[in-house]
Undergrad: 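The following block contains the structure, expressed as structure tokens.
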Amino acid sequence: MRIQQLSELLKLIASGRLEMKTLYRRLSQHVDSTRVKMVLDYLGKNQQQAHDALARYLAEAPTRILGTWYDGVVFEDFSKRCKAINLAPNANDEDVLELHLDLENRLLALLQQGADLAPTQEIRSALSELVAVEKNQQRRLVHNVQRMEDI
């Protein structure tokens with residue numbers, strides 16, 4: 001998919017978050033472990049929160065920034081990728097975390113690409129800050145999932 005404006009890029013990332021939430025809900029129905037179901041539920045809630053935060057940003061950001069044009073930003077069909085993913089019924093929480101990090105890192109790479117190709121320093125700074133916040137949230141999420149193992 002070719003992205004032409006910053007608003008499209010951010011909407012695609014927000015949509016990807018909802019795709020991940022839907023994926024986790026679907027996978028939860030096919031795994032045996034209660035712990036894995038709990039991790040998938042936690043990750044799904046986290047994706048909804050990430051989507052909501054990005055939606056608020058889209059609603060509040062100045063139109064002049066959201067209307068910024070890009071040339072050369074291309075992203076995979078993330079929805080198709082999510083729909084093609086399956087987990088074995090005996091999957092463990094490490095399998096789920098590995099899957100989650102792969103998907104989330106794809107979205108973060110798109111956001112970073114948007115920052116790298118931004119035409120102005122203002123937009124580069126804003127997107128770089130957003131990438132940093134997302135990476136920090138990712139670290140906390142991984143830590144929280146690992147703490148769930150201790151429960």
Undergrad: Distance from Q29 atom CD to R25 atom CZ, nearest 0.5 Å?
TA: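 Spacing of CD (Q29) from CZ (R25) equals 8.5 Å.
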Undergrad: Are a donor atom and an acceptor atom from the side chains of R26 and N86 found within less than 3.5 Å of each other?
TA: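 The criterion, which ignores hydrogens and geometry beyond distance, is satisfied for N86 and R26.
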Undergrad: Yes or no on side chain to side chain contact (heavy atoms under 4.5 Å, CB included) for L6 and I65, after CA distance, side-chain angles and deciding distance?
TA: CA-CA 7 Å; L6 178 57; I65 290 178; 3.6 Å; yes
Undergrad: Looking at every heavy atom in both K37 and S28, which two are closest together, and how far apart are they?
TA: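 Closest approach of K37 to S28, heavy atoms only: NZ-O, 2.9 Å.
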Undergrad: Do you reckon L101 sits in the same ILVMFWY cluster as V145, going by side-chain contacts under 4.5 Å, direct or chained?
TA: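 Yes.
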Undergrad: First locate atom CZ of R140, then atom CZ of R147, and finally report the distance between them rounded to the nearest 0.5 Å.
TA: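 Answer for the CZ-CZ pair, R140 versus R147, is 12.0 Å.
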Undergrad: What are the two closest non-hydrogen atoms of L23 and C82, and how far apart are they?
TA: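 The pair with the smallest heavy-atom distance is CD1-O, 3.3 Å.
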Undergrad: Taking all atoms of both residues into account, what is the closest heavy-atom pair of Q113 and V74, and its distance?
TA: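 So the two residues come closest at OE1-O, 3.9 Å.
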Undergrad: Determine whether the side chains of Q138 and N105 contain a donor N or O and an acceptor N or O closer than 3.5 Å.
TA: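 Indeed, the side chains of Q138 and N105 share at least one donor-acceptor pair under 3.5 Å.
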Undergrad: Any luck finding a side-chain donor-acceptor pair between S125 and E129 under 3.5 Å?
TA: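 No pair is found: no donor N or O on one side chain lies under 3.5 Å from an acceptor on the other.
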Undergrad: How close do L107 and F75 get, heavy atom to heavy atom, and via which atoms?
TA: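 That would be CD2-CZ, 4.0 Å.
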Undergrad: Knowing that exactly one of L40, V96, L43 qualifies, which makes a side chain to side chain contact (heavy atoms under 4.5 Å, CB included) with L27?
TA: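 For L27, the side chain to side chain contact (heavy atoms under 4.5 Å, CB included) check succeeds only for L40.
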Undergrad: Run the side chain to side chain contact (heavy atoms under 4.5 Å, CB included) test on Q47 and E19 for me, step by step, so that the C-alpha distance in whole Å, both residues' side-chain angles and the decisive distance to 0.1 Å come before the verdict.
TA: CA-CA 9 Å; Q47 293 311 299; E19 290 289 342; over 6 Å; no
Undergrad: Any non-hydrogen side-chain atom of L10 less than 4.5 Å from a side-chain atom of L111?
TA: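 L10 reaches L111 side chain to side chain.
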Undergrad: Do other residues, nucleotides or ligands put more than 12 heavy atoms under 6.0 Å from Q48 CD?
TA: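 More than 12 heavy atoms, drawn from other residues, nucleotides or ligands, come within 6.0 Å of this atom.
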Undergrad: Taking L103 as the starting point, is it possible to reach V133 by hopping between hydrophobic residues whose side chains are less than 4.5 Å apart?
TA: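 Hydrophobic grouping puts V133 apart from L103.
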Undergrad: With heavy-atom distances below 4.5 Å as the criterion, would you say the side chains of L54 and L130 are in contact?
TA: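 Of all side-chain heavy-atom pairs linking L130 with L54, at least one is under 4.5 Å.
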Undergrad: Quick check: do Y70 and I123 have side-chain heavy atoms less than 4.5 Å from each other?
TA: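 SC-SC contact between Y70 and I123 confirmed.
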Undergrad: Any idea which heavy atoms bring L12 and L110 closest together, and the distance?
TA: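 What the structure gives for the nearest pair is CD2-CD2, 3.8 Å.
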Undergrad: Examine I85 and V31 and state if one hydrophobic cluster contains both, with Ile, Leu, Val, Met, Phe, Trp and Tyr joined whenever side-chain heavy atoms are less than 4.5 Å apart.
TA: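 Linked within one cluster.
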Undergrad: Between R81 and D77, is there a side-chain N and carboxylate O pair less than 4.0 Å apart?
TA: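 Not counted as a salt bridge, because no side-chain N and carboxylate O are separated by less than 4.0 Å.
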Undergrad: Is R56 salt-bridged to D52, cutoff N-O under 4.0 Å?
TA: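 No, no charged N to carboxylate O under 4.0 Å.
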Undergrad: To the nearest 0.5 Å, how far apart are CG in L9 and CG in L58?
TA: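 The CG atom of L58 is 10.0 Å from CG of L9, to the nearest 0.5 Å.
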Undergrad: To check you understand the geometry: which heavy-atom pair defines the closest contact between A14 and H51, and what is its length?
TA: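 Minimum heavy-atom contact is O-CD2, 3.2 Å.
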Undergrad: When you measure from the side chain of D95 to the backbone of N92, do you find a donor-acceptor pair of N or O atoms at a distance under 3.5 Å?
TA: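 Pair found, side chain donor or acceptor close to backbone of N92.
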Undergrad: Kindly compute the distance separating CG (N46) from CD (E104), expressed to the nearest 0.5 Å.
TA: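 Reported value, rounded in 0.5 Å steps: 6.5 Å.
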Undergrad: Determine, using the 4.5 Å side-chain heavy-atom cutoff (strictly less than), whether L66 and V131 are members of one ILVMFWY cluster.
TA: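 Both belong to a single hydrophobic cluster.
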Undergrad: Going from OG on S33 to CG on L87, what distance comes out if it is rounded to the nearest 0.5 angstrom?
TA: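 Going from OG on S33 over to CG on L87, the span is 11.5 Å.
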Undergrad: My understanding is that only one of M20, K83, R17 makes a side chain to side chain contact (heavy atoms under 4.5 Å, CB included) with F78; could you say which?
TA: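 Only one option passes, and that is M20.
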Undergrad: L127, L108: one ILVMFWY side-chain cluster at the under-4.5 Å cut-off?
TA: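 No; tracing contacts between hydrophobic side chains, which count when under 4.5 Å, never links both residues.
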Undergrad: Rounded to the nearest 0.5 Å, what separation is found between the CD1 atom of I13 and the NZ atom of K11?
TA: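 The distance works out to 13.0 Å.
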Undergrad: Do L141 and H100 come close enough that some side-chain heavy atom pair is under 4.5 Å?
TA: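 Yes, close enough: below the 4.5 Å cut-off.
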